Amino acid sequence: MADKDGFKVAKDYQIEVPFANNSKSFYVKGANNLDWGMKKHLANIFDAKSGNTVMFAFDHGYFMGSVAGLERMDLLIPILAPHIDVMMCTRGALRTCVPPIGNKAVVLRVSSGSSMLNDDLSHEIVAVNIEDAIRCNADCMAVQAFIGADGQLESIRNLSNVINEGLRYSIPTMGVVAVGKDMERTDRYFKLATRTLAEIGVNIVKTYYCENFEEVVAACPVPIVVAGGQKLPEDEALTMAYRAISAGAHGLDMGRNIFQSKQPVSMAESIRLIVHHKATDKEAYEFYQDSIHK
Ligand code: R5P
(Lines give C-alpha, C1' and ligand atoms only; values in the text may rest on other atoms or scores of the structure.)
Protein backbone atom coordinates (compact mmCIF):
# COMPACT_ATOMS: atom_id res chain seq x y z
CA MET A 1 0.00 0.00 0.00
CA ALA A 2 1.21 3.52 -0.80
CA ASP A 3 2.69 5.54 2.04
CA LYS A 4 0.01 8.02 3.31
CA ASP A 5 2.60 10.54 4.55
CA GLY A 6 2.94 13.43 2.13
CA PHE A 7 -0.40 12.62 0.45
CA LYS A 8 -1.42 15.42 -1.94
CA VAL A 9 -5.06 16.24 -2.64
CA ALA A 10 -5.93 15.71 -6.31
CA LYS A 11 -6.89 18.98 -7.98
CA ASP A 12 -5.57 18.99 -11.55
CA TYR A 13 -8.75 17.77 -13.31
CA GLN A 14 -8.28 19.81 -16.53
CA ILE A 15 -12.05 20.13 -16.81
CA GLU A 16 -11.81 22.14 -20.02
CA VAL A 17 -10.01 19.24 -21.78
CA PRO A 18 -12.35 16.60 -23.24
CA PHE A 19 -11.70 12.96 -22.35
CA ALA A 20 -8.95 11.64 -24.59
CA ASN A 21 -10.55 8.69 -26.31
CA ASN A 22 -7.26 7.17 -27.34
CA SER A 23 -8.75 4.08 -28.86
CA LYS A 24 -11.21 5.86 -31.16
CA SER A 25 -9.41 4.66 -34.21
CA PHE A 26 -7.18 1.64 -33.86
CA TYR A 27 -4.54 1.05 -36.51
CA VAL A 28 -4.97 -2.68 -37.08
CA LYS A 29 -7.31 -3.38 -39.98
CA GLY A 30 -10.76 -4.57 -38.96
CA ALA A 31 -10.00 -4.37 -35.23
CA ASN A 32 -11.70 -1.11 -34.36
CA ASN A 33 -14.65 -2.74 -32.66
CA LEU A 34 -12.71 -5.30 -30.64
CA ASP A 35 -12.18 -4.97 -26.93
CA TRP A 36 -9.05 -3.77 -25.15
CA GLY A 37 -7.46 -7.16 -24.63
CA MET A 38 -7.78 -8.14 -28.28
CA LYS A 39 -6.37 -4.81 -29.38
CA LYS A 40 -3.44 -5.12 -27.00
CA HIS A 41 -2.53 -8.54 -28.36
CA LEU A 42 -2.78 -7.23 -31.93
CA ALA A 43 -0.66 -4.23 -30.95
CA ASN A 44 1.96 -6.67 -29.64
CA ILE A 45 2.04 -8.22 -33.12
CA PHE A 46 1.71 -5.21 -35.45
CA ASP A 47 4.10 -2.30 -35.03
CA ALA A 48 2.28 0.94 -34.18
CA LYS A 49 4.40 3.02 -36.54
CA SER A 50 4.53 0.92 -39.72
CA GLY A 51 1.36 -1.04 -38.98
CA ASN A 52 3.23 -4.15 -40.10
CA THR A 53 4.95 -7.19 -38.64
CA VAL A 54 7.88 -9.52 -39.24
CA MET A 55 6.77 -12.95 -38.06
CA PHE A 56 9.23 -15.76 -37.98
CA ALA A 57 7.52 -19.07 -38.77
CA PHE A 58 9.19 -22.12 -37.30
CA ASP A 59 6.16 -24.32 -36.74
CA HIS A 60 7.16 -26.73 -39.53
CA GLY A 61 8.02 -29.52 -37.11
CA TYR A 62 4.37 -30.01 -36.24
CA PHE A 63 3.94 -31.99 -39.44
CA MET A 64 7.41 -32.19 -41.05
CA GLY A 65 9.52 -33.21 -38.08
CA SER A 66 13.05 -31.84 -38.23
CA VAL A 67 13.60 -29.73 -41.37
CA ALA A 68 16.84 -28.31 -42.74
CA GLY A 69 17.78 -25.17 -40.86
CA LEU A 70 15.62 -25.95 -37.82
CA GLU A 71 17.61 -28.89 -36.51
CA ARG A 72 18.68 -26.88 -33.46
CA MET A 73 15.95 -24.38 -32.61
CA ASP A 74 17.60 -23.95 -29.21
CA LEU A 75 20.65 -22.42 -30.92
CA LEU A 76 18.89 -20.52 -33.72
CA ILE A 77 16.07 -18.78 -31.85
CA PRO A 78 18.14 -16.72 -29.39
CA ILE A 79 20.27 -15.47 -32.31
CA LEU A 80 17.29 -14.53 -34.49
CA ALA A 81 14.97 -13.18 -31.81
CA PRO A 82 16.32 -9.60 -31.78
CA HIS A 83 15.63 -9.31 -35.51
CA ILE A 84 11.99 -10.36 -35.71
CA ASP A 85 8.73 -9.18 -34.07
CA VAL A 86 6.79 -12.39 -33.61
CA MET A 87 7.55 -16.03 -32.94
CA MET A 88 5.12 -18.30 -34.77
CA CYS A 89 5.60 -21.75 -33.38
CA THR A 90 4.25 -24.80 -31.61
CA ARG A 91 3.98 -24.98 -27.84
CA GLY A 92 6.67 -27.66 -27.88
CA ALA A 93 9.14 -25.33 -29.56
CA LEU A 94 8.08 -22.43 -27.36
CA ARG A 95 8.53 -24.23 -24.06
CA THR A 96 11.78 -25.92 -25.00
CA CYS A 97 13.64 -23.43 -27.17
CA VAL A 98 12.25 -19.90 -26.78
CA PRO A 99 13.64 -18.04 -23.78
CA PRO A 100 10.73 -16.59 -21.72
CA ILE A 101 12.30 -13.14 -21.77
CA GLY A 102 12.11 -10.11 -24.02
CA ASN A 103 9.15 -8.56 -25.76
CA LYS A 104 8.49 -10.83 -28.72
CA ALA A 105 4.87 -11.60 -29.50
CA VAL A 106 3.82 -15.23 -29.78
CA VAL A 107 1.54 -16.71 -32.43
CA LEU A 108 0.89 -20.22 -31.24
CA ARG A 109 0.00 -22.99 -33.65
CA VAL A 110 -2.94 -24.78 -32.10
CA SER A 111 -4.10 -27.10 -34.90
CA SER A 112 -2.40 -30.35 -35.74
CA GLY A 113 -3.21 -33.82 -36.94
CA SER A 114 -1.26 -35.00 -39.95
CA SER A 115 2.34 -35.50 -40.98
CA MET A 116 4.46 -35.69 -44.10
CA LEU A 117 3.74 -39.43 -44.07
CA ASN A 118 0.09 -38.75 -44.98
CA ASP A 119 -0.98 -38.16 -48.58
CA ASP A 120 -3.81 -35.93 -47.44
CA LEU A 121 -2.73 -33.35 -44.87
CA SER A 122 -6.12 -31.69 -44.62
CA HIS A 123 -7.49 -33.52 -41.57
CA GLU A 124 -6.61 -31.69 -38.37
CA ILE A 125 -7.83 -31.27 -34.82
CA VAL A 126 -7.42 -28.47 -32.29
CA ALA A 127 -4.52 -29.83 -30.29
CA VAL A 128 -3.91 -26.95 -27.87
CA ASN A 129 -6.75 -25.74 -25.68
CA ILE A 130 -7.39 -22.15 -24.68
CA GLU A 131 -6.04 -22.64 -21.15
CA ASP A 132 -2.69 -23.72 -22.50
CA ALA A 133 -2.63 -20.86 -25.00
CA ILE A 134 -3.16 -18.52 -22.03
CA ARG A 135 -0.39 -20.27 -20.05
CA CYS A 136 1.91 -19.76 -23.05
CA ASN A 137 1.01 -16.05 -23.00
CA ALA A 138 -0.05 -16.39 -26.64
CA ASP A 139 -0.93 -13.18 -28.46
CA CYS A 140 -2.70 -15.14 -31.16
CA MET A 141 -3.69 -18.73 -31.99
CA ALA A 142 -2.98 -20.10 -35.47
CA VAL A 143 -5.21 -22.65 -37.15
CA GLN A 144 -4.49 -24.22 -40.53
CA ALA A 145 -7.43 -23.95 -42.95
CA PHE A 146 -7.89 -26.36 -45.83
CA ILE A 147 -10.52 -24.59 -47.89
CA GLY A 148 -11.64 -26.73 -50.81
CA ALA A 149 -9.87 -29.83 -49.52
CA ASP A 150 -11.27 -33.04 -48.11
CA GLY A 151 -10.81 -31.75 -44.56
CA GLN A 152 -12.56 -28.41 -45.12
CA LEU A 153 -15.37 -29.10 -42.66
CA GLU A 154 -12.89 -30.08 -39.91
CA SER A 155 -10.88 -26.94 -40.62
CA ILE A 156 -13.91 -24.72 -40.34
CA ARG A 157 -14.99 -26.48 -37.15
CA ASN A 158 -11.49 -26.07 -35.69
CA LEU A 159 -11.34 -22.42 -36.66
CA SER A 160 -14.79 -21.67 -35.29
CA ASN A 161 -14.03 -23.40 -31.98
CA VAL A 162 -10.73 -21.57 -31.57
CA ILE A 163 -12.28 -18.20 -32.49
CA ASN A 164 -15.13 -18.77 -30.01
CA GLU A 165 -12.69 -19.65 -27.21
CA GLY A 166 -10.40 -16.77 -28.18
CA LEU A 167 -13.29 -14.33 -27.95
CA ARG A 168 -14.00 -15.52 -24.38
CA TYR A 169 -10.50 -14.56 -23.31
CA SER A 170 -9.64 -11.85 -25.84
CA ILE A 171 -7.00 -13.81 -27.72
CA PRO A 172 -7.00 -13.23 -31.50
CA THR A 173 -6.98 -16.07 -34.05
CA MET A 174 -4.96 -16.31 -37.24
CA GLY A 175 -6.30 -18.45 -40.08
CA VAL A 176 -3.53 -20.03 -42.15
CA VAL A 177 -4.53 -20.70 -45.75
CA ALA A 178 -3.15 -24.08 -46.75
CA VAL A 179 -2.16 -24.95 -50.26
CA GLY A 180 -2.15 -28.48 -51.51
CA LYS A 181 -3.02 -30.78 -54.33
CA ASP A 182 -6.71 -29.82 -54.26
CA MET A 183 -6.14 -26.07 -54.13
CA GLU A 184 -5.05 -23.82 -56.98
CA ARG A 185 -2.46 -21.13 -56.32
CA THR A 186 -4.46 -18.43 -58.09
CA ASP A 187 -5.89 -15.11 -57.01
CA ARG A 188 -9.34 -16.66 -57.51
CA TYR A 189 -8.57 -19.29 -54.88
CA PHE A 190 -6.80 -16.96 -52.46
CA LYS A 191 -9.61 -14.39 -52.68
CA LEU A 192 -12.10 -17.09 -51.76
CA ALA A 193 -10.00 -18.63 -48.98
CA THR A 194 -8.88 -15.38 -47.32
CA ARG A 195 -12.35 -13.84 -47.37
CA THR A 196 -13.90 -17.07 -46.07
CA LEU A 197 -11.54 -17.09 -43.09
CA ALA A 198 -12.17 -13.43 -42.32
CA GLU A 199 -15.92 -13.94 -42.40
CA ILE A 200 -15.64 -16.97 -40.12
CA GLY A 201 -14.06 -14.49 -37.71
CA VAL A 202 -10.27 -14.66 -37.74
CA ASN A 203 -8.37 -11.49 -36.85
CA ILE A 204 -5.37 -12.16 -39.11
CA VAL A 205 -5.05 -14.20 -42.30
CA LYS A 206 -1.84 -15.83 -43.43
CA THR A 207 -1.74 -16.64 -47.12
CA TYR A 208 0.54 -16.78 -50.13
CA TYR A 209 1.44 -14.01 -52.54
CA CYS A 210 -0.18 -14.24 -55.98
CA GLU A 211 -1.00 -12.07 -58.97
CA ASN A 212 -3.62 -9.36 -58.35
CA PHE A 213 -2.67 -9.44 -54.70
CA GLU A 214 -4.02 -5.90 -54.21
CA GLU A 215 -7.49 -7.32 -54.86
CA VAL A 216 -6.96 -10.19 -52.40
CA VAL A 217 -5.95 -7.60 -49.77
CA ALA A 218 -8.77 -5.20 -50.59
CA ALA A 219 -11.43 -7.89 -50.24
CA CYS A 220 -10.13 -9.15 -46.90
CA PRO A 221 -11.30 -7.04 -43.94
CA VAL A 222 -8.47 -8.14 -41.62
CA PRO A 223 -4.68 -7.87 -42.02
CA ILE A 224 -2.97 -10.33 -44.31
CA VAL A 225 0.50 -11.64 -43.60
CA VAL A 226 2.27 -13.42 -46.42
CA ALA A 227 3.89 -16.82 -46.07
CA GLY A 228 7.38 -17.27 -47.41
CA GLY A 229 6.91 -20.68 -48.96
CA GLN A 230 9.71 -22.81 -50.30
CA LYS A 231 13.25 -21.46 -50.20
CA LEU A 232 14.03 -19.02 -53.00
CA PRO A 233 17.28 -17.22 -53.81
CA GLU A 234 17.47 -14.26 -51.41
CA ASP A 235 16.86 -11.60 -54.08
CA GLU A 236 13.72 -13.37 -55.28
CA ALA A 237 12.40 -13.78 -51.75
CA LEU A 238 12.95 -10.08 -51.11
CA THR A 239 11.16 -9.18 -54.34
CA MET A 240 8.20 -11.30 -53.29
CA ALA A 241 8.22 -9.58 -49.89
CA TYR A 242 8.38 -6.15 -51.49
CA ARG A 243 5.53 -6.90 -53.88
CA ALA A 244 3.40 -8.25 -51.05
CA ILE A 245 3.94 -5.20 -48.84
CA SER A 246 3.46 -2.82 -51.78
CA ALA A 247 0.15 -4.54 -52.49
CA GLY A 248 -1.04 -3.93 -48.94
CA ALA A 249 0.04 -6.97 -46.94
CA HIS A 250 0.66 -6.08 -43.29
CA GLY A 251 3.68 -8.28 -42.89
CA LEU A 252 5.53 -11.42 -43.73
CA ASP A 253 5.32 -14.71 -41.86
CA MET A 254 8.45 -16.23 -43.23
CA GLY A 255 10.17 -19.45 -42.32
CA ARG A 256 12.41 -21.29 -44.77
CA ASN A 257 13.45 -18.14 -46.60
CA ILE A 258 14.97 -16.98 -43.33
CA PHE A 259 16.17 -20.09 -41.54
CA GLN A 260 17.47 -21.82 -44.69
CA SER A 261 19.29 -18.68 -45.83
CA LYS A 262 23.07 -18.82 -45.48
CA GLN A 263 22.70 -15.71 -43.32
CA PRO A 264 19.39 -15.90 -41.41
CA VAL A 265 20.04 -12.73 -39.39
CA SER A 266 20.92 -10.67 -42.48
CA MET A 267 17.86 -12.03 -44.24
CA ALA A 268 15.58 -11.15 -41.31
CA GLU A 269 17.05 -7.64 -41.21
CA SER A 270 16.57 -7.23 -44.97
CA ILE A 271 12.92 -8.26 -44.62
CA ARG A 272 12.55 -5.72 -41.77
CA LEU A 273 13.72 -2.94 -44.08
CA ILE A 274 10.90 -3.72 -46.48
CA VAL A 275 8.23 -4.38 -43.87
CA HIS A 276 8.94 -1.46 -41.51
CA HIS A 277 11.09 1.04 -43.38
CA LYS A 278 9.62 1.20 -46.89
CA ALA A 279 12.79 -0.14 -48.52
CA THR A 280 12.56 -1.49 -52.06
CA ASP A 281 13.58 -5.04 -52.83
CA LYS A 282 16.70 -3.69 -54.53
CA GLU A 283 17.70 -1.68 -51.44
CA ALA A 284 16.99 -4.63 -49.17
CA TYR A 285 19.07 -6.96 -51.32
CA GLU A 286 21.95 -4.48 -51.38
CA PHE A 287 21.76 -4.40 -47.59
CA TYR A 288 21.76 -8.22 -47.53
CA GLN A 289 24.83 -8.43 -49.73
CA ASP A 290 26.66 -5.73 -47.79
CA SER A 291 25.94 -7.42 -44.49
CA ILE A 292 27.13 -10.86 -45.61
CA HIS A 293 30.40 -9.41 -46.88
CA LYS A 294 31.18 -7.61 -43.63
C1 R5P B 1 2.02 -23.02 -42.95
O2 R5P B 1 1.34 -23.85 -43.42
C3 R5P B 1 2.80 -23.28 -41.75
O4 R5P B 1 2.61 -22.28 -40.80
C5 R5P B 1 4.21 -23.46 -42.12
O6 R5P B 1 4.87 -24.23 -41.23
C7 R5P B 1 4.91 -22.16 -42.31
O8 R5P B 1 4.04 -21.17 -42.75
C9 R5P B 1 5.88 -22.27 -43.36
O10 R5P B 1 6.59 -21.09 -43.49
P11 R5P B 1 7.47 -20.97 -44.79
O12 R5P B 1 6.60 -21.41 -45.91
O13 R5P B 1 7.82 -19.53 -44.89
O14 R5P B 1 8.66 -21.84 -44.59
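Keep in mind the model is a prediction, meaning the values are calculated, not measured. Atoms within each ligand, like the ligands themselves, are counted from 1 in listed order. Side-chain atoms are counted along with the backbone in the values below, which use heavy atoms only and exclude waters and symmetry mates. Sequential numbering from 1 along the given sequence is applied to the chain's residues.
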Please report the C-alpha distance between N118 and H123 in whole Å, then the side-chain angles of each, then the deciding distance to 0.1 Å, and finally whether the side-chain hydrogen bond (donor to acceptor under 3.5 Å, both in side chains) criterion is met.
CA-CA 10 Å; N118 300 115; H123 299 283; over 6 Å; no

In sequence, state the C-alpha distance, the side-chain angles, and the governing distance for S122 and D150, and then conclude on side-chain hydrogen bond (donor to acceptor under 3.5 Å, both in side chains).
CA-CA 6 Å; S122 73; D150 198 46; 5.1 Å; no

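Taking 4.0 Å as the cut-off, G229 counts as a neighbour of ligand 1 on heavy-atom distance. Put simply, no part of K231 is less than 4.0 Å from ligand 1, judged by heavy atoms.
Annotation for V216 and C210: closest pair CG2-SG, 3.9 Å, computed over non-hydrogen atoms.
Scanning the protein heavy atoms around atom 13 (O) of ligand 1, the nearest turns out to be G255 N, 2.7 Å. Looking only at protein heavy atoms, the nearest one to atom 2 (O) of ligand 1 is Q144 NE2, 3.0 Å. Scanning the protein heavy atoms around atom 6 (O) of ligand 1, the nearest turns out to be D59 OD1, 2.7 Å. If you check which protein heavy atom lies closest to atom 9 (C) of ligand 1, you get H60 NE2, 3.1 Å.
The distance from ligand 1 to the heavy atoms of M88 drops below 4.0 Å at these ligand atoms: 4 (O). Listed by number with element, the atoms of ligand 1 under 4.0 Å from a non-hydrogen atom of M254 are 13 (O).
Using cut-offs of 30° and 60° on the angle between ring planes, the pair F190 and Y208 is tilted.
Using a 4.0 Å cut-off between charged nitrogen and carboxylate oxygen, R168 and E165 count as a salt-bridge pair. For E131 and R135, the salt-bridge test fails: no basic side-chain N is under 4.0 Å from an acidic carboxylate O. No salt bridge links D47 with R272; every basic N to acidic carboxylate O contact stays at or beyond 4.0 Å.
Within the set R256, K206, Q230, the minimum heavy-atom distance to atom 7 (C) of ligand 1 is found for K206.
Ligand 1 has a nitrogen or oxygen under 3.5 angstrom from a nitrogen or oxygen of G228.
Residues passing the side chain to side chain donor-acceptor pair (under 3.5 Å) test with E211, sequence neighbours excluded: none.
In R109, the part holding a heavy atom less than 4.0 Å from any atom of ligand 1 is the side chain. Contact annotation for M64 and ligand 1: no heavy atom of the residue comes within less than 4.0 Å of the ligand.
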